[in-house]
Each structure stands twice: as structure tokens, then as C-alpha cells.
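Note sheet for the following structure.
Each chain gets a letter, A, B and so on, in the order the sequences are listed, and its residues count up from 1.
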2 protein chains.
Amino acid sequence: MKARRQSVILETIQRQRVGSQEQLRRLLRAAGFDVTQATLSRDIRELGLVKGGADRAYQPPAAAATNGNPSALLNRAVGEYLTRVDRVQQLVILRTGPGQAPLLGVALDGARLPELVGTIAGDDTILAIAPDARRARVLVRRLERLSRP
Amino acid sequence: MKARRQSVILETIQRQRVGSQEQLRRLLRAAGFDVTQATLSRDIRELGLVKGGADRAYQPPAAAATNGNPSALLNRAVGEYLTRVDRVQQLVILRTGPGQAPLLGVALDGARLPELVGTIAGDDTILAIAPDARRARVLVRRLERLSRP
DNA sequence: CACGCGACTGTATAAATATTCTTTTTCGAC
DNA sequence: GTCGAAAAAGAATATTTATACAGTCGCGTG
């Protein structure tokens, strides 16, 4: 349950201003996830979300992680979620556990890798698109290096 | 008082992990600023600080603001603080109200302007260094445009 | 099967933060 | 100076968030 719920949280805070965990709780309940505020507090920490700014809303972690190591987030996400990598021409297929694909997708997008044009995340699969086959190979190598340092 | 205090807040959260407004209050008191938690809550909002991430600490706004408009923060800071701009060769001298220079300095650094090598902020003056005189002129023009659109 | 272990969650509550309502301070016009 | 308006800050309090503790579930092992 957790991975799916966290994915929905990520999408939710990007679609609208979420100013409290109670509000988030109501939104999630409408989406079929009925959990307590305590659980959301834990989810928010695990996702690395950040609260503040002019409107005191929750924000995605990508920006915040940019501080120290730019790809620390990607690093963590790859280690945590990625289970398999394949390549077909300039396309790279990434596999994760169920519901985890969006989490890894966000991390990939946020890392702004030069050899990555964009991603489409399903439930447990991500299609990552490189400019050409050569750079797709570079991407595969980079991911493999990240997944076992 | 406020501008100076907010500058110190910015420096403080960059030097060490600050996990609560009470902790920040104690740190500021050691630095000669004796204010209540309510005031800090307001300062934090005005600075656009953000709290969260793995260690639930306060973080500077630059990263968070990168989301929407990259230079929205600079825009605001220039409008709010900048009072005068001069140029000498490749150096640009910016003036602000007392204690406000560090705030504008942080915004300038965060904006990563191509014609700006770096800044040194005093209390009410910033020395901004461009690669050469031509680009210093570009910088001056950009700042003037920002200060009265 | 019984046990222990680890991940996950809820409940209750402590801790932290935001806000409302006042008071104080600042500053410009007179 | 004195007045009034606006900014700044405090006190008290409401709201929000984190956490200690306990319970459940799934799973692998003796």
C-alpha cells in the first residue's frame, strides 16, 4: 500500500496547494487511501517533502535536494526501487516494485541527466527516452553503476 | 532590526542544522537578538525558508524557488532591497538599506546569472564581480530593468 | 504449528508552528 | 513636539506535526 500511496501524495502536491497533513488526508481519502495523520507525517519524511515558502505549502524534494549533492536523491531512489534495466534502441526500460515507478520517475526527471530526454512512468515500469542509442547505453551504464556502487 | 536579524537567520541555518524555531531562538539570542517564536515564524515565512527533508531542518529558499520561475526570488529581492547601482570597470556596487545586503546577495548568487562571477555582501553594500567591463554593463542593465519594470 | 522479526499502521499525546489580538515602536506630516 | 498610520513584535492560543507505544500482519525458521 505504502508505495502507491506515496506516489499519489507526490502527484497531489504537484496538482494543488496542500497546506496541512489534514488536508492531504482528506484528498487521499477521496482517492481511496484512508490513513491517519501520523502515517502521512511518516510518508512526508520518507519522500523528503519540504514545507514552507510564501504559501507554506508542501513541495517536492527535487528542489531541496539540489543543495548538497545534486543527484543524491536519484542515488537513493535507484538503490531503493530499481530492479531491472533493459535497452531497446534509444529506449531504456526500467522496472521497479509495484507502485514505485512514479517515485523513481520523479527522481530521474529531477536529476536532469544529459543523456535523458524524458520519462513515462506506469505502475512498475518506466520508459526512459534518450536522444539516441549511444546515449541510451550511457544511461544504462550510469544506472547500473548507481544501483551497486 | 528585522533585516539584520533575518540575515543572521540565513547564515545560521546554513552553518548548522536547525530543527525548530525554539532552537533558532536560542541561537539568535546568543547573537544578540532576543525575540519570540512568533516573530521567527514570521521571519521564516518572509525569507521563504522551507522545512523538511530527511532531517527535518530548515533550508534556504534558493533551491525551493527554483521550481516555478528561477529568478522570481531575485526579482522580489531586487524590488525590495536594491536602492542604487554603480559600476567601476568590471565591478558593480549595489546599495541596499542597512542589514539588507546579505539578503540581496543570497538572491543574486542563487540566480546564477551568466554575467556574474560572484558577490561579497557587507551590511548595506554588495560588491558584484563580472568577468569584464562589458558584462558588468549587462549586469547593471539587467538589475535596472528588474528594479522598475 | 509456535515463535520471532520486521514493516506498517493507529492511538494518544507531546512538541512545534501559525495566528489572533494587543502593545510598542517608527516615521512622516503637521 | 504631537498626532496618526503603518510596521514590528509580544502574549496567548489554536492549529498542525512528530513521536512513543502498542497492535496487526506476513513471512521465514526451528
Side-chain angles (χ1 to χ4, degrees), chain A residues 1-10 12-13 16-29 31-61 64 76-77 79-81 83 96-100 103, chain B residues 1-10 12-13 16-29 31-61 64 76 79-81 83 96-100 103 124:
Chain A
M1 208 78 217
K2 195 167 69 150
R4 283 171 206 278
R5 185 182 62 237
Q6 293 187 348
S7 298
V8 175
I9 291 175
L10 233 34
T12 303
I13 64 161
Q16 68 189 277
R17 195 204 98 105
V18 178
S20 80
Q21 298 178 3
E22 257 313 296
Q23 182 190 352
L24 182 58
R25 197 168 81 85
R26 284 191 295 274
L27 292 169
L28 287 179
R29 195 166 37 189
F33 296 91
D34 200 346
V35 293
T36 59
Q37 171 267 325
T39 297
L40 295 183
S41 173
R42 291 170 193 129
D43 284 345
I44 282 167
R45 179 188 339 231
E46 284 167 28
L47 289 169
L49 296 192
V50 123
K51 186 188 184 190
D55 63 351
R56 309 228 209 230
Y58 283 101
Q59 298 172 27
R76 217 181 105 250
E80 187 103 352
Y81 304 127
T83 59
T96 69
Q100 299 176 347
L103 299 172
Chain B
M1 207 77 211
K2 196 167 69 151
R4 283 169 207 277
R5 185 182 63 238
Q6 293 187 347
S7 298
V8 175
I9 290 175
L10 234 36
T12 303
I13 64 162
Q16 68 189 278
R17 195 205 98 106
V18 178
S20 80
Q21 297 178 2
E22 257 312 297
Q23 183 190 352
L24 182 58
R25 198 168 81 84
R26 283 191 295 274
L27 292 169
L28 288 179
R29 196 167 34 191
F33 298 90
D34 200 346
V35 293
T36 59
Q37 172 266 326
T39 297
L40 294 183
S41 173
R42 293 186 273 248
D43 283 344
I44 283 167
R45 162 150 39 197
E46 284 168 27
L47 288 169
L49 295 191
V50 122
K51 186 189 184 187
D55 64 352
R56 307 228 212 232
Y58 283 102
Q59 298 172 27
R76 218 182 102 250
E80 188 102 353
Y81 304 126
T83 60
T96 70
Q100 299 177 345
L103 299 172
D124 62 358

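Take R5(A) and apply the salt bridge (Lys or Arg N to Asp or Glu O under 4.0 Å) test, not counting sequence neighbours, and it matches D43(A). Scanning for side-chain contact (heavy atoms from CB on, under 4.5 Å) contacts around S41(A) gives Q21(A), Q37(A), R56(B), with sequence neighbours left out. The side-chain contact (heavy atoms from CB on, under 4.5 Å) check on T83(A) picks up R95(A), with sequence neighbours excluded. For V18(B), the side-chain contact (heavy atoms from CB on, under 4.5 Å) partners two or more places apart in sequence, or in a different chain, are T12(B), I13(B), Q16(B), Q23(B), L24(B), L27(B), Y58(B). Contacts of R26(B) classified as salt bridge (Lys or Arg N to Asp or Glu O under 4.0 Å), with partners at least two apart in sequence or in another chain: E22(B). When the salt bridge (Lys or Arg N to Asp or Glu O under 4.0 Å) test is applied to K51(B), no partner is found at least two apart in sequence or on another chain.
Extent of DNA chain C lying under 4.0 Å from chain A heavy atoms, first and last nucleotide in 5' to 3' order, is dC8(C) to dT19(C). Nucleotides of DNA chain D with any atom under 4.0 Å from a heavy atom of chain B span, from 5' to 3', dA8(D) to dT19(D).
Nucleic acid contact class of Y58(A) (heavy atoms, under 4.0 Å, all strands): sugar-phosphate only. Heavy atoms of T36(A) sit under 4.0 angstrom from at least one base atom. Residue contacts shown for S20(B) are limited to sugar-phosphate atoms, with no base heavy atom under 4.0 Å away. Here R42(B) lies in heavy-atom contact (under 4.0 Å) with a base. Contacts of D43(A) with the nucleic acid, taken as non-hydrogen atoms under 4.0 Å apart, are absent. Within the nucleic acid shown, R25(A) has no heavy atom closer than 4.0 Å to any nucleic acid atom.
In terms of heavy-atom proximity, G52(A) sits nearest to Q59(A) at O-NE2, 3.2 Å.
The distance from atom CG of L40(B) to atom CZ of R25(B), rounded to the nearest 0.5 Å, is 8.0 Å.
Comparing Q37(A) and T39(B), the nucleotide of DNA chain D nearest to each residue sits closer to the 5' end for T39(B).
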